[in-house]
Amino acid sequence: MKPILATAALGLALFAAAAPPALAENPAESRQKIEAVIKAFGKAMADKDKEGFMRLFLREDITWVGVYTDGSVARYRASLKDPAQPSPKIQAATPRKFIESIARAPEARTETFENVRIDTDGEMAQVLFDYSFMVGDYRNNWGKESWQMVRTENGWKIAAVIWSAEENPVPRPQK
């Protein structure tokens, strides 16, 4: 055999001998597993479980961005001693900073999830829902939240979180 044909034959043989790729989960199975991640997210917040919360993410440095409504920014700006002081419409952080703030808070911080929509092909998913962020019994802010998720060897992981936020215009009751 000529060297080029031998190389091609060897390449084809190795390709044929390779293990077949894993098949994507079926959508129903994926949805159940993604719904379990959503429940685990809420439970970790309620339990102030920092490590359990962090296990839900692909990495610590994922996109974690909130965009505040114009009304929320205007109300915040009006509350400042210097209304010209910058008040960013977009705020970025990390999942760890978020769960650490939850864990430090003296009262419960929880999130509700409604109208959950999941679009997946079994390997990646887009999760979109309406949320309310609660401080005790007070509805602090609400909006839409979007997660990008990927299926890894260790299960479904959140790869990005983006949300809109309408801050409650009614001040939190003083105790």
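What you see below is based on every heavy atom in this structure, not just the backbone, and it leaves out hydrogens, waters and symmetry mates.
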[atom2] on [Y] to [atom1] on [X], rounded to 0.5 Å:
| X | Y | atom1 | atom2 | value |
| --- | --- | --- | --- | --- |
| S72 | N141 | OG | CG | 8.0 Å |
| D47 | T110 | CG | OG1 | 11.5 Å |
| E111 | E145 | CD | CD | 4.5 Å |
| M134 | N140 | CE | CG | 9.0 Å |
| R31 | R117 | CZ | CZ | 12.5 Å |
| K97 | E100 | NZ | CD | 9.5 Å |

Among F133, W142, F129, Y131, whose ring-ring contact (aromatic ring centres under 6.0 Å, His included) with F113 holds?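 Only match with F113 under ring-ring contact (aromatic ring centres under 6.0 Å, His included): F129.
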
Side-chain donor/acceptor of D121 to backbone N/O of M124, under 3.5 Å: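 Between the backbone of M124 and the side chain of D121 there is a qualifying donor-acceptor contact (under 3.5 Å).
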
Determine, for E166 against R75, whether the closest basic-nitrogen to carboxylate-oxygen distance falls under 4.0 angstrom.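 Counted as a salt bridge, because a side-chain N and a carboxylate O are separated by less than 4.0 Å.
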
Any carboxylate oxygen within less than 4.0 angstrom of a Lys/Arg side-chain nitrogen, looking at E51 and R55?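 Answer for the salt bridge query: no.
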
Member of L128, I34, V37 meeting the side chain to side chain contact (heavy atoms under 4.5 Å, CB included) criterion with W147: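 Testing each of L128, I34, V37 against W147, the sole residue satisfying side chain to side chain contact (heavy atoms under 4.5 Å, CB included) is V37.
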
Only one of I118, I38, V127 forms a side chain to side chain contact (heavy atoms under 4.5 Å, CB included) with M149, so which one is it?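 Checked I118, I38, V127 against M149; only one passes side chain to side chain contact (heavy atoms under 4.5 Å, CB included): V127.
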
Minimum side-chain heavy-atom gap [X]-[Y] below 4.5 Å:
| X | Y | answer |
| --- | --- | --- |
| I102 | K50 | no |
| T69 | S164 | no |
| V67 | I90 | yes |
| M54 | R96 | yes |
| T63 | V161 | no |

Sub-6.0 Å ring centroid separation between W163 and W64: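 Judged by ring-centre distance (under 6.0 Å), W163 and W64 do meet the cut-off.
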
Cut-off 3.5 Å, side chains only: do N115 and D130 have a donor facing an acceptor?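 The answer is yes; a qualifying pair exists.
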
Check the side chains of E60 and T94 for a donor-acceptor pair under 3.5 angstrom, ignoring hydrogens and angles.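 No, no side-chain donor-acceptor pair sits under 3.5 Å.
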
Tell me, yes or no, whether the heavy-atom count around [X] atom [atom1], taken from other residues, nucleotides or ligands under 6.0 Å, exceeds 12.
| X | atom1 | value |
| --- | --- | --- |
| F98 | CZ | yes |
| K89 | NZ | yes |
| D137 | CG | no |

Where is the tightest heavy-atom contact between [X] and [Y], given as atom of each residue plus distance?
| X | Y | answer |
| --- | --- | --- |
| F53 | P95 | CE2-O, 3.6 Å |
| G122 | W156 | O-CZ2, 3.6 Å |
| S146 | Q126 | OG-NE2, 2.5 Å |
| A159 | I62 | O-CB, 3.2 Å |
| V170 | Y138 | O-OH, 2.5 Å |

According to a hydrophobic-cluster definition based on side-chain heavy atoms being under 4.5 Å apart (Ile, Leu, Val, Met, Phe, Trp, Tyr only), do I162 and I99 belong together?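 No, because I162 and I99 fall into different hydrophobic clusters, even though each may have its own neighbours under 4.5 Å.
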
